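Below, chain A is the first sequence line, B the second, and so on; all start at residue 1. Everything quoted here is computed from the prediction, not taken from an experiment.
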Amino acid sequence: MEHQEEKVSYLQLIKNGVFKENTIFRLVISLCPSIAVTNSVRNGFLLGVAVLFVQTMVNTTVALLRRFIHPRIRIPIFMLVISGWVSVVDMVMAAYARAAYKEIGLYIQIIVAFASILARAEMFASKNRPLAAFFDGFGSGLGFLVALVIISFFRELLGKGSLWGFQIIEAKPLLIMIMPAGGFIAVGLLMGFFNWIDIRFYGGKGAGGASGH
Amino acid sequence: MAVTNRDQELVVTVSPHVRSDESTAKIMWTVTLSLLPAFAMSVYYFGPRAVYVTALSILGCLFSEWLVQKMAGREITLSDGSAFLTGLLLGMNMPSSVPFYIPLVSAFVAVAITKQLFGGLGYNIFNPALIGRAFALITWPRAMTTWFTPTAAFVAMDAKTTATPLGILKEEGMHKLLEVFGDKMTLYYQLLIGHRAGSLGETSVIAILIGAAFLLYKRYISLHIPLSFLATVAVLTWVFGGKEGLFTGDPIVHLLSGGLMLGAFYMATDYVTCPSVKTGQIIFGIGCGALTALIRLKAGYPEGVMFAILLMNCFTPLIDRNLKTKVFGARKEAAK
C-alpha cells in the first residue's frame with residue numbers, strides 16, 4: 001500500500017494534477033460543472049476555488065484516516081468526508097458571498113458527486129501519506145480551476161463580450177457560446193487543442209480513458 | 001484479376017462482378033446540379049444578394065475543408081463536391097439580408113466542426129449544412145430571422161422586411177395570411193412558385209420539386225424519407241393545426257411553406273446521416289414529420305424542419321442497429 005511514497009517530488013504531484021492528469025482535459029471527468037458554470041469567468045473561478053479547497057482537504061483527511069478506514073466500506077466513508085468539507089464551503093459561501101452563491105450554489109452542493117474528488121481520494125489519498133495527498137489534491141484541484149478559467153475565458157469573451165463582468169467588446173460576437181451547446185463546443189475544441197499539444201510536443205497519445213459526470 | 005484458361009475459354013474473376021460508374025463525386029455534383037432550379041429562383045426573387053450569400057457560404061465551406069484537411073494531413077478532397085454541396089445548401093438556407101460573416105462562420109462550423117472533426121465525409125453524425133444553420137440561428141437570432149419580401153426584379157432595391165408565411169400563421173393565424181395573400185388559391189399558388197419571404201432556396205417549392213424529381217429519376221434518393229416526412233406533417237397539421245378544433249388545420253399551407261420541401265428532399269435524405277435500411281428510413285421520416293409539426297404548432301419557433309432533422313439524425317445509428325438485416329446463414333445470437 002505504501003510503495004508509492006517518496007518516489008515523486010511534491011512539485012511533480014502538482015504538475016501531474018494540472019497537466020498529465022488534468023481532470024477535464026485529460027481524464028475527461030466532471031464535465032457537467034465544466035459546462036454548467038463556465039458561462040462567466042467569475043463563476044468558473046469561484047467553483048474552481050471551491051473544488052480546489054474541497055479536493056485538498058478531502059485528500060488530506062482521507063490520507064490521515066487511511067489506517068482506520070476498513071477497505072470494504074471505504075467509499076461511504078470517503079463520501080462522508082467529502083460531504084463534510086462540501087458543507088463547510090457551502091456554508092461559508094452562503095454567508096460571505098451571497099451574490100455568487102445565488103448563481104452557482106447548486107453546483108457547490110453538487111461537488112459531493114464530482115467524480116474527480118472521489119477518484120483522487122480512492123486512487124491516491126487512501127494509499128499515501130497526508131503531505132503527499134495534500135499536494136496531489138492541490139494539484140488536481142488547481143488543474144480543475146485552470147481548466148474552468150480557460151473554458152470560461154473563451155465562453156464569456158465570445159458569448160458576452162466581457163471578462164469578469166467587465167465589458168471588453170461592445171458586441172456579443174457568438175451568442176451560442178454562453179449556451180450549453182457552446183459549452184460543449186468550447187470544451188471539445190480545447191480538449192482537442194491540449195491533445196494536439198500533448199501529441200505534438202510530448203509524444204503522448206492524447207486523452208482517453210473513462211468518461212464521467 | 002482475370003485468370004484465363006486458353007484451352008477452355010473459361011474466364012474466372014473474383015467478385016464484385018457488377019460494377020457501377022457511380023462515385024461519391026458524381027453523386028455530389030449531380031445533386032448540386034439538381035439544386036440549380038431552386039438557386040435560379042432564389043436569384044430571381046432576391047436578386048444579387050442571393051448570389052452573394054450563397055457564394056460566400058460555398059467559399060467558406062471549401063476553404064474550411066481545405067484548411068482542416070491540410071492541417072490534419074489528410075488527402076484534400078475538394079473535388080468530390082461534398083463541401084461545395086454543403087456550402088450551396090447552407091447558403092440557400094439563409095435569409096437574403098445576412099451580413100457577410102454569418103455565411104462564412106456558419107460554413108466553418110458546418111464543415112470544419114460538424115464534418116471534419118468527426119472524421120470527414122461519411123463519419124459525421126449530423127447534417128453539416130443544418131448544423132451550420134442551427135449555429136447561425138442560435139448565435140445571430142435577429143439577423144437570421146429578418147426576412148425580406150421577394151422583389152422579383154433586380155431593379156427594386158427598396159426591399160421591405162416582412163414575416164414568413166409560417167411566422168404570420170403562428171403569430172396571427174390563417175385569416176391574416178389570407179389578408180396578405182388574397183384568397184386561398186392565390187396563397188397556394190404564391191407558395192408553390194415561391195413568391196414569399198423566406199430563406200433563399202426554400203421558397204420556390206416547384207423548383208425544388210423539379211430538382212427532386214431529377215434525383216428520383218436518377219435513383220439517387222428514394223421516396224421513403226420524403227414521403228413519410230411530408231405525409232406525417234400533412235396529417236398532424238391537418239388534425240391539430242386549426243384554431244377551431246381538431247381536423248381544421250390547413251395541411252397544404254404547411255406543406256408548401258417553410259423549409260419543408262428543401263428539408264424533406266435534400267436534407268433528410270443525406271446518405272451519411274439518414275438510416276440505410278428502408279423501414280428505418282420510413283421511421284426516420286415519420287419522426288422528422290412529427291417533430292416538425294410539434295415545433296411548428298407548439299414550440300417557440302415558427303419553423304421546425306431543421307431541428308426535427310437534426311434530432312432525428314441522433315437516432316439514425318439506433319434505428320440502423322435495430323433494423324439491420326440478418327446476414328444470410330449467420331447463426332442467431334444466444335438468447336439472453
Exceeds 12 heavy-atom contacts within 6.0 angstrom, atom [atom1] of [X]:
| X | atom1 | answer |
| --- | --- | --- |
| Gln167(A) | CD | yes |
| Phe315(B) | CZ | no |
| Lys15(A) | NZ | no |
| Arg74(B) | CZ | yes |

Check your understanding: How long is the gap from CG on Leu189(A) to CD1 on Ile113(B), to the nearest 0.5 Å?
Key ->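 It is 5.0 Å, given to the nearest 0.5 Å.
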
Review point. Quick one: what part of Ile178(A) sits under 4.5 Å from any heavy atom of chain B, side chain, backbone, both or neither?
Key: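 Contact with chain B involves no heavy atom of Ile178(A) at all.
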
**Study point:** Heavy-atom proximity to chain B below 4.5 Å, by part of Met177(A)
**Key:**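 For Met177(A), neither part sits under 4.5 Å from chain B.
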
Exercise for review: Please name all residues satisfying side-chain contact (heavy atoms from CB on, under 4.5 Å) with Ala55(B), sequence neighbours left out, ordered by chain then number.
Suggested key: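 None.
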
Practice item. Just grab all the salt bridge (Lys or Arg N to Asp or Glu O under 4.0 Å) pairs involving residues 176-185 of chain A, residues at least two apart or on different chains. Key: none

Review point. Which pairs with one or both residues in residues 73-92 of chain A pass side-chain hydrogen bond (donor to acceptor under 3.5 Å, both in side chains), sequence neighbours excluded?
Key: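 side-chain hydrogen bond (donor to acceptor under 3.5 Å, both in side chains) check on residues 73-92 of chain A returns Thr61(A)-Trp85(A), Arg74(A)-Glu122(A), Asp90(A)-Tyr101(A), Asp90(A)-Gln109(A).
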
Revision key, fill the gap. Filtered by a 4.5 Å non-hydrogen cutoff, the part of residues 126-144 of chain B contacting chain A is Phe135(B), Ile138(B), Thr139(B), Trp140(B), Pro141(B)

